Amino acid sequence: MKNWLLSYSLLAAGAICIVSCQPNPSEKKDKHQTDSLAMREKFAESPVLDAKASLEHIQVEEGFKVQLVAAEPQVSVPVAMTFDEKGRMWVLEMMGYMPDTSGTGEDMRNGKVVILEDTNKDGVVDSRKEFMDSLVLPRAICLIENGVLIAEPPRLWYVENNGDHAGKKILVDDKYTEGGNVEHQPNGLLRAMDNWIYNAKSDKRYRKAGNKWLIEHTHFRGQWGITQDNYGRLFYNNNSENLLGDYFSPGLGANNTAQRTVAGFDEHIVPDNRVYPIRPTPGVNRGYMKGVLDDSLRLVNFTAACGPLVYRGGLFGEAYDGNAFVAEPSANLIKRNLLQDSGYIVTGKQAYAGKEFLASTDERFRPVSLYTGPDGAMYILDMYRGIIQHKTYLTPYLKNEIKSRNLTQPLNCGRIYRVIPAKANNVQPVTLPDDPAKLLELLDHPNGWVRDRAQQMIIDHHYTTLVPQLRSRLQQDTIKQPWGLLHAMWTLEGLGQLQVEDVAAVLKNKNPYLRVQALAAMPAVITPQQVNRVLQLITPLQQSVLQAPSVAMLLPYIQRLNATAAGQLQTQLLHAYANDRYVADALIGNNTGHEQQLLDQVSSWNADTTLLIRKRLQKVLKDIDNRRKAKLNEGLVKAYPRGAKIFKTVCQTCHGDDGNGIQSLAPPLNESQWVKGDKHKVAAIVLFGLSGPVNVNGKVYKAPEVSGEMPGIGSNDEFSDSDIAEVISFIRNAWSNKAEPLTAQDVQKVRQMYKGREKGFTAEELK
């Protein structure tokens, strides 16, 4: 883009011009420049469209069509939903989200859970019931037994269903969220194939056992939205990354909380983060920065990736089953990705170059969550609003965009769409009867949602009469469509009826991926009576590269019952796979509190300092030391109470409570030369933000390993200069850091130094 055009764009948005605002008289506008200016003028306004008019602005891949399912007043600001066995939608309405650019009234109790139903089966909702109201920013929902889990930060509730109205309310977890803000708090509540409930932006999983709720540590995953594939593996993303995910079953590999990362989890599945909007998208938070928008003022890369869906509906055709769709509300589009298994590694690529599966020219079309429905269609939750960026990170540039184009109002809109094949007529949802025999049949249904719900209903109704038939199902050998067998195994596990010989039967299956899934179910049958039988089954499997990581991840369960045998198997795996990052991390996971002893064992066996397991052990030991130091910093909270609170709300969710960064999100603050160095530079970063790449102690951090940019908070009216000085002082003296604290005057001085600046810094600029 020519300098004068960039300047025009910034001025048109009310931003500060930092380059020449006049074209060179000798330059002539080419057609491309003229077209860009015309587009800016054409989209200077963002009219509010009714649902039918907005639908006309949506373009979808050839061979598909988009249908309107619900719109205001039937639904408002939908952010999450789930289907019940009757095909009804249970929708969360987050009415309180960002009423204006200051977030005024965000704490109002105006969130709701509503039940939407299409009673005449014409594909359009005609019935709305309010199940529950007076919620503050509800964000996740999950049906289980005769009730519903509802996430209302910081609490997670289980609410009994009393005739489609909220009954008894039970507190499941009063720390469902700890710190963070609306953009950085747990969500999802995905009831996965392994019968546990998982979240994005969280390292907890939940399970109902009778009248008790189990809460366990799991891998930290993603930011907004979480989905599973046909093998029960989880996929997710963060704002700037298309798709992340797990290579292994979600219940494995998280035994050692000292491990910050575990190979095979939180992996980069689709590294290509390019997006292709069909309209100019100047209303993005960093639209003024070079490279964020292209010459046509369109977003270049993901900035608000969310709501991923691995499509398993069966309605679209074989070419689409297992595809991963990702929403990008800032660019008004939905991306399609192709996934492929290569051994236990999952790889992915974008389905198209230069276009999207679905996109809209209506700026207020904001797809935030995607779902497979009981009819096999893909459902889209559209918040339909102008503001989607939370106030914590809202830049002056975007504030001006919102003001100049009247994006604040209205706040009560919302739409739900479904995507179906263009030639499909009268697409109807599958309803699941309360009939054990029919539910058993539905475990083989081509729609993954139907299979999931059938499994859940058998478990919720405790249909143990099906156990013999479920067990018989495991004996069937199938290669092409093994899903019914897999669901049968996990249904037995959910009923508490899975036995070691059931797993042994699946281990004999010709399908190698089923054998890996059988290993994932093994913890349910590792009992004192069966531990030796389990060892007999899994020990030979270590010779397979495909199965060795899963075998290694079972060691913690064996260790508790037969430490000698576990030690022998560990040694065998160590000698065979010391340079395999998946097995190495699994072995470290088996040595909680004994990491140094394992390092000593490695050193005595092999003096090679380049061994991968040695390096990864040394990293874990360093992380343990940093966590120990973090616990000694409690005095800092008293010294800088406001700073500690802001750190927990704004910084911790990306940089970690120990300051050592979180994979796929942010680099470390602990022992960072940027944090401990020049106080004016660190103040500039906190005020205005920093875009990568950035070198921290000799390691270069850049996208996609971490988010490409840290937003500043200097334009947030919620934080005074004294607040910002406190949080910087807190960080500069936390963990292993020791540096001069800042005062409000220091922050004011930096503001004056860069008066009029809006964009974040690069590392090179700060040098």
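These numbers were taken from a predicted model, which means no experiment stands behind them. Side chains included, hydrogens not; waters and symmetry mates left out as well; all remaining heavy atoms used.
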Answer yes if the ring centres of Phe83 and Tyr371 are under 6.0 angstrom apart, and no otherwise. no
So does Gly373 get a backbone contact from the side chain of Asn447, meaning a donor-acceptor N/O pair under 3.5 Å? yes
Could you check whether atom NZ of Lys204 has more than 12 heavy atoms from other residues, nucleotides or ligands sitting under 6.0 Å from it? yes
I need the minimum non-hydrogen distance between Asp502 and Gln497, along with the two atoms involved. OD2-O, 3.8 Å
Side chains of Arg155 and Tyr176: do they bring a donor and an acceptor to under 3.5 Å? no
Is the shortest side-chain N to carboxylate O distance from Arg453 to Glu85 below 4.0 Å? yes
Against the six-membered ring of Tyr320, is Arg336 placed for a cation-pi contact (under 6.0 Å from the centre, within 45° of the normal)? yes
Can Asn426 and Gln428 be counted as having a side-chain donor-acceptor contact under 3.5 angstrom? yes
Nearest 0.5 Å, please: how far is CG in Asn337 from CD in Gln350? 6.0 Å
One pair to check against salt bridge (charged side-chain N to carboxylate O under 4.0 Å, His left out): Glu501 and Arg471. What are the steps and the verdict? CA-CA 10 Å; Glu501 295 308 320; Arg471 193 159 281 147; over 6 Å; no
Tell me if the NZ atom of Lys86 is crowded by more than 12 foreign heavy atoms within 6.0 Å. no
What orientation do Phe325 and Phe357 show, parallel under 30°, tilted 30 to 60°, or perpendicular over 60°? perpendicular
Between Asp173 and Tyr206, does any side-chain donor sit less than 3.5 Å from a side-chain acceptor? yes
Heavy-atom closest contact (Pro367 atom, Ile380 atom, distance): CB-CG2, 3.8 Å
When every non-hydrogen atom of Gly253 is compared with those of His219, the smallest separation belongs to O-CE1, 3.1 Å
Under the rule for side-chain contact (heavy atoms from CB on, under 4.5 Å), what residues qualify as partners of Asn162, not counting sequence neighbours? none
Can you say whether the rings of Tyr231 and Tyr513 are parallel (under 30°), tilted (30 to 60°) or perpendicular (over 60°)? tilted
Under 6.0 Å between ring centres, would you say that holds for Trp224 and Tyr236? no
May I ask you to decide if the ring planes of Phe265 and Phe248 are parallel, tilted or perpendicular, using 30° and 60° as cut-offs? tilted
Before accepting this row, confirm whether a basic side-chain N of the pair Arg415/Glu72 lies closer than 4.0 Å to the acidic partner's carboxylate O. yes
For His165, side-chain contact (heavy atoms from CB on, under 4.5 Å) partners two or more places apart: none
Does the side chain of Asp375 come under 3.5 Å of the side chain of Tyr379 through a donor N or O and an acceptor N or O? yes
Lys65 NZ: over 12 foreign heavy atoms closer than 6.0 Å: yes
Considering only NZ, NE, NH1 and NH2 on the basic side and carboxylate oxygens on the acidic side, decide whether Arg221 and Asp246 come within less than 4.0 Å. yes
Nearest heavy-atom neighbours spanning Cys306 and Val326: O-CG1, 3.9 Å
How about Lys438: does its NZ atom have over 12 heavy atoms from other parts shown lying under 6.0 Å from it? no
In Å, rounded to the nearest 0.5 Å, how long is the span from CD of Glu267 to CD1 of Ile345? 8.0 Å
In terms of side-chain geometry, is the basic nitrogen of Glu93 or Lys112 positioned less than 4.0 Å from the acidic oxygen of its partner? no
At their closest point, which heavy atom of Pro78 faces which heavy atom of Met383, and how far apart are they? O-CG, 3.4 Å
Residue pair Leu234 / Ala192: nearest heavy atoms and the distance that separates them: CD2-CB, 4.3 Å
Checking the side chain of Asp126 only, and the main-chain atoms of Asp118 only, is there a donor and an acceptor separated by less than 3.5 Å? no
